[in-house]
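In what follows, a single structure is set out as structure tokens and then discussed.
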Amino acid sequence: MLGSVPSRAVSVATRLRPFGTTVFSRMTQLAVEHQAINLSQGFPDFEGPAFIREAAAQAMAEGHNQYARSAGVTELAKAVAGHQKRHYDIDLNPMTQVGVFCGATEAMMAATLGLLEPGDEVLTFEPHYDAYPAAAAMAGARLRFVTLRHPDFALDVEALARAIGPKTRALLLNTPHNPTGKVFAREELDALAGLAKKHDLMVLSDEVYEHLWFEAPHVPIATLPGMFERTVTMSSFGKTFSFTGWKVGWASGPESLMSALCSAHQFITFCSATPLQHAAARALDELGENFYRDFRAAYAERRAHLLTTLRAVGLKAPDPQGAYFALADIRAVTEKDDVEFCAELTERVGVAAIPPSAFYSLDKKEGAHLCRFAFCKTMDTLNAARSKLWAGLPRVDP
């Protein structure tokens, strides 16, 4: 028949069929349809520093508009190396131990494609960022999960040790952690490092929220004894400087690992946007400790505001230690699961949040009684969300 297409020509590859459309896209679309305040997707609704935008425009005007060096423009590679030295006393060769990517998500994809073989297993923790299983699947590898349980999300070292098998090749770590807000404590990192060294595992460490911690500072696992040589550390310009749409991220580690990431990267995107890299370099070089202190203080205020809002309507949310998400227990206000509750919250109350069962693969019931709210928003947005939540849900505060 005219216009017919063989079904095999339009089928999604088997390795991607389990993933579908991301929960972020679904909830953002629902928020748009119902004109709800979007506390679901984790992007700021405000701009980053003006001088960084001006630096990007200046880079364009100066002619930095062609392909960059695949591993990153020299200025940004050097700026990343300088950042790691200043903040963590890590010495890096910027030409061989730093790579620039189209966001940390692409860095993770390059890591799985460049370092893993089909059939390898990678251990990670749930709840997990939803891109991790897809990144592993596209490399023909498999994620295995250890569950961090609400409300304290403490590391179960014995469960992690039991999960290590003959095919385990790497540990995928995310700290500060999305979506729990957990910052892995030094003793937990020591336990992870001990297992990595005992079983000769690589560590893929997603540290995109490295500068967003509240009580206890973030400690990169690469700084622990014997860990630099087996660790790829990934971070994000967009998360720290509030330009998530620029999609500039980086990774660092020993040349033996970084060469694999950069080899994959050159065939995925080849390079990140050249003028934006120049602007990112200036941000890293020119913004000092005052910027990072004020950054954390502003988010601490937002965190306190959102937690007060949630607790006033019976949503029990522990204080996140880092990142810009709060996971709230919904059982005191509803018998519905997270998917139904978040849909109702968006459609009836007018506030969109994420149902976190999407972040669980091993034990989805752990997420069915939770709801994730993002507080990377202006105080005006958070005030508007408070008004809607307090009007739409029963108040329980005095």
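Sequential numbering from 1 along the given sequence is applied to the chain's residues.
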Worksheet item: Any side-chain heavy-atom pair from Leu172 and Met108 closer than 4.5 angstrom?
Response: yes

Worksheet item: With under 30° as parallel and over 60° as perpendicular, where do the rings of Phe241 and Phe291 fit, or are they tilted in between?
Response: parallel

Worksheet entry | Hydrophobic cluster of Phe270, others only, ordered by chain and residue number, side-chain cut-off 4.5 Å | Tyr67

Can you give each donor-acceptor pair under 3.5 Å made by side-chain atoms of residues 127-138, sequence neighbours left out, with the distance rounded to 0.1 Å?
unit_1 : atom_1 : unit_2 : atom_2 : d
His128 : NE2    : Phe359 : O      : 3.3
His128 : NE2    : Ser361 : OG     : 2.9
Tyr132 : OH     : Asp206 : OD2    : 2.5

Discussion item. Please determine whether a side-chain nitrogen of the Lys or Arg among Lys365 and Glu126 lies less than 4.0 Å from a carboxylate oxygen of the Asp or Glu.
Written reply: no

Fill in: Donor on one side chain, acceptor on other, Gln266 and Ser70, under 3.5 Å
no

Worksheet entry | Whether Ser25 side chain and Thr21 backbone form a donor-acceptor pair below 3.5 Å | no

Worksheet item: Any side-chain heavy atom of Glu188 sitting closer than 4.5 Å to one from Leu192?
Response: no

Worksheet entry | Contacts of type salt bridge (Lys or Arg N to Asp or Glu O under 4.0 Å), residue Arg386, not counting sequence neighbours | none

Item to complete: Using the six-membered ring of Tyr299, assess whether NZ or CZ of Arg302 lies under 6.0 Å from its centre and within 45 degrees of the ring axis.
Response: yes

Discussion item. Taking the six-membered ring of Phe43 as reference, does the cationic atom of Lys377 (NZ for Lys, CZ for Arg) lie under 6.0 Å from its centre and within 45° of its axis?
Written reply: yes

Fill in: Distance, nearest 0.5 Å, that separates CD1 of Ile90 from NZ of Lys85
9.5 Å

Worksheet item: Does Arg293 pair with Glu289 as a salt bridge, N-O distance under 4.0 Å?
Response: no

Worksheet item: Could Arg372 and Asp338 be called an ion pair, given the rule that one side-chain N must be under 4.0 Å from one carboxylate O?
Response: no

Item to complete: Would you indicate whether the side-chain heavy atoms of Thr74 and Met95 approach each other to under 4.5 Å?
Response: yes

Discussion item. I'd like to know if the side chain of Arg282 reaches the main chain of Ala55, judged simply by a donor and an acceptor atom lying under 3.5 Å from each other, with no hydrogens or angles considered.
Written reply: no

Worksheet, complete the sentence: Which of Leu276, Val98, Val248 passes side-chain contact (heavy atoms from CB on, under 4.5 Å) with Leu76? Answer is Val248

Item to complete: Rounded to the nearest 0.5 Å, what's the gap from CZ on Phe373 to CG on Leu382? Could you check?
Response: 11.5 Å

Under 3.5 Å, which donor-acceptor pairs link side chains of residues 314-322 to any protein atom two or more places apart or in another chain?
unit_1 : atom_1 : unit_2 : atom_2 : d
Asp319 : OD1    : Arg311 : NH2    : 2.7
Gln321 : OE1    : Val183 : N      : 2.9

Worksheet item: Looking only at atom types and distance, does a side-chain atom of Arg303 sit under 3.5 Å from a main-chain N or O of Tyr324, one as donor and one as acceptor?
Response: no

Item to complete: Determine whether Tyr88 and His218 make a side-chain contact, defined as any pair of heavy atoms from C-beta on separated by less than 4.5 Å.
Response: yes

Worksheet item: Between Leu224 and Asp190, is any pair of side-chain heavy atoms under 4.5 Å apart?
Response: yes

Practice prompt. Decide yes or no for Glu117 and Arg169: does some side-chain heavy atom of the first lie under 4.5 Å from some side-chain heavy atom of the second?
Written response: no

Worksheet entry | Contacts of Gln84 that satisfy side chain to side chain donor-acceptor pair (under 3.5 Å) - sequence neighbours left out | none

Worksheet item: So, Gln97 side chain and Asn93 main chain: donor-acceptor pair closer than 3.5 Å or not?
Response: yes

Worksheet item: Are any non-hydrogen side-chain atoms of Lys247 and Thr105 less than 4.5 angstrom apart?
Response: yes

Fill in: Spatial distance of atom CG (Leu204) from atom OG1 (Thr124) [nearest 0.5 Å]
9.0 Å

Fill in: Main-chain N/O of Val73 paired to Gln277 side chain as donor or acceptor, under 3.5 Å
yes

Fill in: Nearest atoms (heavy-atom pairs only) where Leu148 meets Leu155
CD2-CA, 4.1 Å

Worksheet item: Is Ser263 reaching over with its side chain to a backbone N or O of Ser259, donor-acceptor style, under 3.5 angstrom?
Response: no

Worksheet item: If you round to the nearest 0.5 Å, how far is CD of Glu347 from CD of Glu33?
Response: 8.5 Å

Worksheet item: Do Leu115 and Leu257 touch side chain to side chain, with heavy atoms closer than 4.5 Å?
Response: yes

Worksheet item: Excluding sequence neighbours, so at least two apart, what forms ring-ring contact (aromatic ring centres under 6.0 Å, His included) with Phe375?
Response: none

Discussion item. Please check: side-chain N/O of Trp390 versus main-chain N/O of Thr309, any donor-acceptor pairing under 3.5 Å?
Written reply: yes

Worksheet item: Between Phe243 and Phe237, how do the two ring planes meet: parallel, tilted or perpendicular, split at 30° and 60°?
Response: parallel

Discussion item. Looking at Gly392, is its backbone amide N or carbonyl O close enough to the side chain of Arg348 to form a donor-acceptor pair, meaning the two atoms are under 3.5 Å apart?
Written reply: yes

Worksheet entry | Side-chain (Asp337) to main-chain (Glu340) donor-acceptor, under 3.5 angstrom | yes

Item to complete: Report yes or no: do Thr147 and Glu366 form a side-chain donor-acceptor pair below 3.5 Å?
Response: no

Worksheet item: Does the ring centre of Tyr292 sit less than 6.0 Å away from the ring centre of His87?
Response: yes

Discussion item. Between Asp156 and Arg149, does any side-chain N to carboxylate O distance fall below 4.0 Å?
Written reply: no

